[in-house]
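In this chain, residues are counted from 1 in sequence order. Atoms within a ligand are numbered from 1 in the order they appear, just like the ligands themselves.
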Amino acid sequence: MTSEKDFIFSPIPLTTKQGSFEWSAPSNIALVKYWGKKENQIPANPSISFTLNNCKTITKLDFIQKANHDTFSFDLLFEGNPKEDFRPKIQKFLERIAIYCPYLKNYHLKIDTKNTFPHSSGIASSASGMAALSMNIMSLEKELNPAVTDEFFYQKASFLARLGSGSACRSVKGTVVVWGNHNEFEGSSDLFGVPFTDEIHPIFNNYQDTILLVDKGEKQVSSTVGHDLMHNHPFAEQRFLQAHHNLSAIKTVLGNGDVNRFIEIVESEALTLHAMMMTSMPYFILMKPNTLEIINKIWKFRKETNIPVCFTLDAGANVHILYPENVIVETLQFIKDELLGYCQNGQYLCDAIGFGSQKL
Ligand code: PMV
């Protein structure tokens with residue numbers, strides 16, 4: 001089994017003086033949620049997600065060798081302009097991965113990043129952002145050590161991304177990604193995400209995710225704080241067990257295309273995530289009244305039409321609407337007619353299942 005030690009870079013002469021890479025990495029939406037972690041970003045339970053296609057971060061990394069190798073040195077730009085508020089997060093990330101990528105201290109880095117989704121849309125850019133940066137770092141590592149295999153490249157990229165933001169490890173490779181040890185998923189690991197390799201039923205091909213932007217404001221409680229509140233949470237153990245069961249169940253569903261069962265698992269997972277927030281101490285609510293209005297409208301629409309549309313939520317008020325490609329016309333009409341009124345400035349994003357990060 002792969003361990004943390006396997007990702008430590010063995011010292012070799014650093015022959016590369018300077019260079020530049022650019023990668024895009026997508027956001028992802030969890031079907032079975034990760035909520036609660038142990039030390040070093042080890043998840044308390046396994047999770048599984050759809051990789052998205054359109055909501056992406058694009059990051060360019062320029063690097064040039066420097067004389068001093070004791071500290072990190074980097075410029076951080078967002079859409080080409082210096083972005084001081086992102087620096088502490090990147091500094092912390094670099095420090096966390098220093099033992100795995102010691103060569104980073106030999107270079108001055110220029111990290112220029114942008115998102116395809118509107119800034120402050122309430123869409124978390126940490127998953128796609130940390131994944132895109134990790135891909136670039138692995139490109140540098142491969143340049144330094146061409147013996148790096150493709151498998152190692154993606155595993156270590158996911159491993160690094162995880163250390164930046166847990167769910168980021170699911171934004172590296174594959175359309176459906178599992179993260180966290182689960183005995184029914186061969187090769188699954190707490191250390192990195194792995195593509196789900198079983199055959200997936202065609203109903204999930206190009207599965208749609210329309211993201212309704214209900215509240216674009218700053219979250220009252222960060223996911224870091226939320227994860228921490230799962231320590232000593234009265235329902236934690238039961239929840240972690242449930243996630244294991246739901247992963248087994250969704251594995252079957254992804255194979256047999258039972259969309260009704262898919263809906264049950266996915267909606268229950270979303271509500272359980274928020275139930276954990278509401279029952280932690282201190283408790284908090286990230287859903288907004290319009291989140292609930294939308295959920296109720298989806299249930300009504302589904303009941304009336306039998307169209308297999310469902311919702312999921314991440315750690316916020318926005319609603320992800322998931323549905324098969326063959327009901328796109330009716331569903332988008334429903335969304336426009338009945339749901340956009342609940343969105344901030346009528347804003348929404350159309351996305352679909354994607355393939356992972358890409359070198360540009
Ligand atoms: O990666 P983090 O620490 O931002 O946690 C994300 C947690 C959820 O989005 C709520 C669930 C998930 O599995 O993505």
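Atom NZ of Lys92 sits in a sparse spot, with 12 or fewer heavy atoms from other residues, nucleotides or ligands closer than 6.0 Å.
At under 3.5 Å, not a single nitrogen or oxygen of Lys33, backbone or side chain, sits near a nitrogen or oxygen of ligand 1. The distance criterion of under 3.5 Å between nitrogen or oxygen atoms is met by Ser223 with respect to ligand 1. Checked by distance only, ligand 1 and Ser47 stay at 3.5 Å or farther apart across all their nitrogen or oxygen atoms. Here's the thing with Asn28: none of its N/O atoms is less than 3.5 angstrom from an N/O atom of ligand 1. Note: no N/O pair closer than 3.5 Å links Lys37 and ligand 1 by distance alone.
At a heavy-atom distance under 4.0 Å, only side-chain atoms of Ala30, from C-beta outward, approach ligand 1. At a heavy-atom cutoff of 4.0 Å, ligand 1 is contacted by the side chain of Arg170 but not by its backbone. Contacts between Leu273 and ligand 1, counted as non-hydrogen atom pairs separated by less than 4.0 Å, involve the side chain only.
Counting only heavy atoms of the protein, atom 9 (O) of ligand 1 lies nearest to Asp314 CB, 3.9 Å. Of all protein heavy atoms, the one lying nearest to atom 8 (C) of ligand 1 is Tyr34 O, 3.9 Å.
Electrostatic pairing of Asp85 and Lys83 counts as a salt bridge here, judged by a charged N lying under 4.0 Å from a carboxylate O.
Heavy-atom contacts of Gly166 reach the following atoms of ligand 1: 1 (O) (cutoff under 4.0 Å). Atoms of ligand 1 found under 4.0 Å from any heavy atom of His227 (numbered from 1 in listed order, with element): 2 (P), 3 (O), 5 (O). Every atom of ligand 1 with a heavy atom of Ala315 under 4.0 Å away is listed here by number and element: 10 (C). Of all atoms in ligand 1, listed by their number and element, those nearer than 4.0 Å to a heavy atom of Ser167 are 1 (O), 2 (P), 6 (C), 14 (O).
Judged by the 6.0 Å distance and 45° axis criteria, Arg96 is not positioned over the aromatic ring of Phe93.
Using a 4.5 Å heavy-atom threshold, the side chains of Ser20 and Lys60 count as touching. Using a 4.5 Å cut-off on side-chain heavy atoms (C-beta onward), Tyr348 and Cys350 make contact. Using a 4.5 Å cut-off on side-chain heavy atoms (C-beta onward), Thr113 and Leu77 make no contact.
For the pair Ser73 (side chain) and His108 (backbone), a donor-acceptor distance under 3.5 Å is absent. A distance-only check finds a donor-acceptor pair linking the side chain of Ser248 to the backbone of His244 [under 3.5 Å].
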Verify ring pair (Phe, Tyr, Trp, His ring centres under 6.0 Å) between Phe159 and Phe192, making sure each step is shown before the conclusion.
CA-CA 5 Å; Phe159 173 85; Phe192 46 81; 7.4 Å; no

